[in-house]
Number of protein chains: 2
Amino acid sequence: MKHNSNVPAFLTKLWTLVEDADTNELICWSQEGNSFLVLDEQRFAKEILPKFFKHNNMASFIRQLNMYGFRKVMHIDTGFVKQERDGPVEFQHPYFKHGQDGLLENIKRKVSNTRPEDNKIRHEDLTKILASVQSVHSQQENIDTRLAALKRENEALWMEISDLRQKHAHQQQLIKKVVKEQNTVLKSGQPNITMLKNYKASSYYLSKPV
Amino acid sequence: MKHNSNVPAFLTKLWTLVEDADTNELICWSQEGNSFLVLDEQRFAKEILPKFFKHNNMASFIRQLNMYGFRKVMHIDTGFVKQERDGPVEFQHPYFKHGQDGLLENIKRKVSNTRPEDNKIRHEDLTKILASVQSVHSQQENIDTRLAALKRENEALWMEISDLRQKHAHQQQLIKKVVKEQNTVLKSGQPNITMLKNYKASSYYLSKPV
DNA sequence: GGTTCTAGAACC
DNA sequence: GGTTCTAGAACC
């Protein structure tokens with residue numbers, strides 16, 4: 001086979017291993033050549049695995065298979081006979097086929113980065129949301145302050161208006177009296193002391209309310 | 001041992017299995033009695049496991065051990081000799097001890113509900129946070145509206161006050177003139193037409209500003 | 001990228 | 001709660 005450097009060692013080793021006729025007693029292609037069988041798990045693990053890998057554990061071998069997207073082929077029994085205890089184990093991958101080592105480069109190792117990324121994204125989302133909430137909260141406080149100030153100003157303005165209206169009405173009354181007085185004076189030729197008193201009283205209202 | 005119904009079958013079977021002297025060749029207590037050893041994984045799996053469980057897979061056995069909180073005891077080699085390939089496998093649990101079957105009821109199976117619950121809780125948290133943000137947002141809009149209304153009212157009040165102050169000043173001037181006029185009248189005995197004009201003009205300012 | 005221990009999830 | 005397949009995570 002071509003030694004394609006893009007293909008991980010595990011895949012080339014596995015393909016060679018399955019292809020090799022010397023080990024067909026323990027691991028070989030299925031009849032269709034689209035999956036492989038481990039005929040004796042225990043002997044395979046102890047005799048074959050350490051020749052190719054740094055261990056002799058079936059579990060580690062299976063972990064690698066799953067890491068590269070291989071799936072165990074489940075044997076649905078005919079419903080009558082229970083699956084035999086130590087039957088062969090079969091694994092399959094769409095790009096792992098007898099005689100077609102060129103397909104191997106399509107097999108990609110599952111990167112462990114995918115899931116941590118998801119968690120990071122979720123964590124970042126939470127962080128952003130919390131920051132947003134805090135931002136809105138401080139804005140709220142800011143607006144509350146402004147609202148309270150406006151309310152106070154508003155009340156003060158209403159008070160001043162009430163005050164000014166009162167003064168206005170008083171002055172209006174005062175003017176009426178003055179005019180009336182003047183008319184009276186024009187008729188009688190006599191001045192009126194009351195008008196002067198009212199005028200002095202009205203000047204008190206010129207001061208701004210607290 | 002007491003058949004405590006609170007203790008899952010796996011734990012009683014395991015404890016019995018380890019305690020049983022007949023199987024000490026394949027599985028037994030450690031010297032200290034606070035852990036157990038599987039001396040020959042392969043024979044143990046094929047010969048012992050099916051006698052107690054519904055399988056003969058070491059992987060399934062280990063999965064159960066981890067499910068109940070057992071931990072594999074790692075053998076730190078002296079740094080010189082590499083760990084022998086097929087050395088015994090050792091597992092330990094704080095409540096799994098030689099001769100103390102009473103402790104077994106403290107061993108709890110890890111419920112698979114925990115993780116989905118966590119995810120649910122996280123999802124619920126997200127939902128709550130989003131609801132909270134939306135709530136704050138609508139409050140914000142409410143306050144914004146009230147703030148704008150107050151601002152408008154405030155501006156109108158300032159205008160009315162400005163208007164009233166003007167009217168007040170005008171009236172003040174009018175009164176001064178009237179008084180002055182009256183004094184003049186008192187001295188000359190002649191009326192003044194200007195004052196009456198001013199009085200009518202001041203009444204215009206009584207209308208409220210728009 | 002490889003190896004190991006532990007856990008998730010589906011199915012029973 | 002038990003069994004099986006697959007995946008996560010830590011360490012190398």
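In what follows, every heavy atom counts, from backbone to side chain, and hydrogens, waters and symmetry copies are set aside. By convention in this document, chain letters (A, B, ...) are assigned in the order of the sequence lines, proteins followed by strands, and residues within each chain are numbered from 1. This one's a predicted model, so the numbers in the text were calculated from it and none came from an experiment.
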Q: Mind calculating the distance between CZ (B/Arg71) and C1' (D/dA10) to the nearest angstrom?
A: 11 Å
Q.
What is the separation between atom CG on B/Asn66 and atom P on C/dG8, rounded to the nearest whole Å?
A. 11 Å
Q: Name all pairs fulfilling the salt bridge (Lys or Arg N to Asp or Glu O under 4.0 Å) condition that reach into residues 20-41 of chain A, sequence neighbours left out, sorted by first residue then second.
A: A/Glu25-A/Arg43
Q: Provide, to the nearest angstrom, the distance between the CZ atom belonging to B/Phe70 and the P atom belonging to C/dA7.
A: 13 Å
**Q.** Gap between atoms NE2 and C1', on A/His75 and D/dC5 respectively (whole Å)
**A.** 14 Å
Q: Evaluate the ring planes of B/Phe10 and B/Tyr68, with Trp represented by its six-membered ring, and classify them as parallel (under 30°), tilted (30 to 60°) or perpendicular (over 60°).
A: parallel
**Q.** For atom CG of B/Leu49 and atom C1' of D/dT4, their distance in whole Å
**A.** 14 Å
Q | Atom of A/Ser60, atom of A/His55 and distance for their closest heavy-atom approach | A | CB-CE1, 3.4 Å
(Q) Using side-chain heavy atoms (C-beta onward) and a distance below 4.5 Å, is A/Phe96 in contact with A/Trp29? (A) yes
Q: Measure from CZ on B/Phe61 to C1' on C/dC5 and round the result to the nearest Å.
A: 15 Å
Q) C/dA7 phosphate, OP1 or OP2: any side-chain N/O from B/Lys110 under 4.0 angstrom? A) yes
Q.
Please verify the inter-ring angle class for B/Phe53 with B/Phe61; under 30° counts as parallel, over 60° as perpendicular, anything in between as tilted.
A. tilted
Q: Please state how far atom CD in A/Glu90 lies from atom C1' in D/dT4, giving the value in whole angstrom units.
A: 17 Å
Q: Count the heavy atoms belonging to other residues, nucleotides or ligands that lie under 6.0 Å from OH of B/Tyr95, then report whether that count exceeds 12.
A: no
Produce the list of close N/O pairs, under 3.5 Å, pairing protein atoms with atoms of nucleotides 1-3 of chain D; give distances to one decimal.
residue: D/dG2; atom: OP1; partner: B/Phe10; partner atom: N; Å: 3.1
residue: D/dG2; atom: OP2; partner: B/Gln64; partner atom: NE2; Å: 3.3
residue: D/dG2; atom: OP2; partner: B/Tyr68; partner atom: OH; Å: 2.5
residue: D/dG2; atom: O5'; partner: B/Gln64; partner atom: NE2; Å: 3.4
residue: D/dG2; atom: N7; partner: B/Arg109; partner atom: NH2; Å: 2.9
residue: D/dT3; atom: OP1; partner: B/Lys54; partner atom: N; Å: 2.7

**Q.** Rounded distance in Å - CD (A/Gln92) to P (D/dC5)
**A.** 14 Å
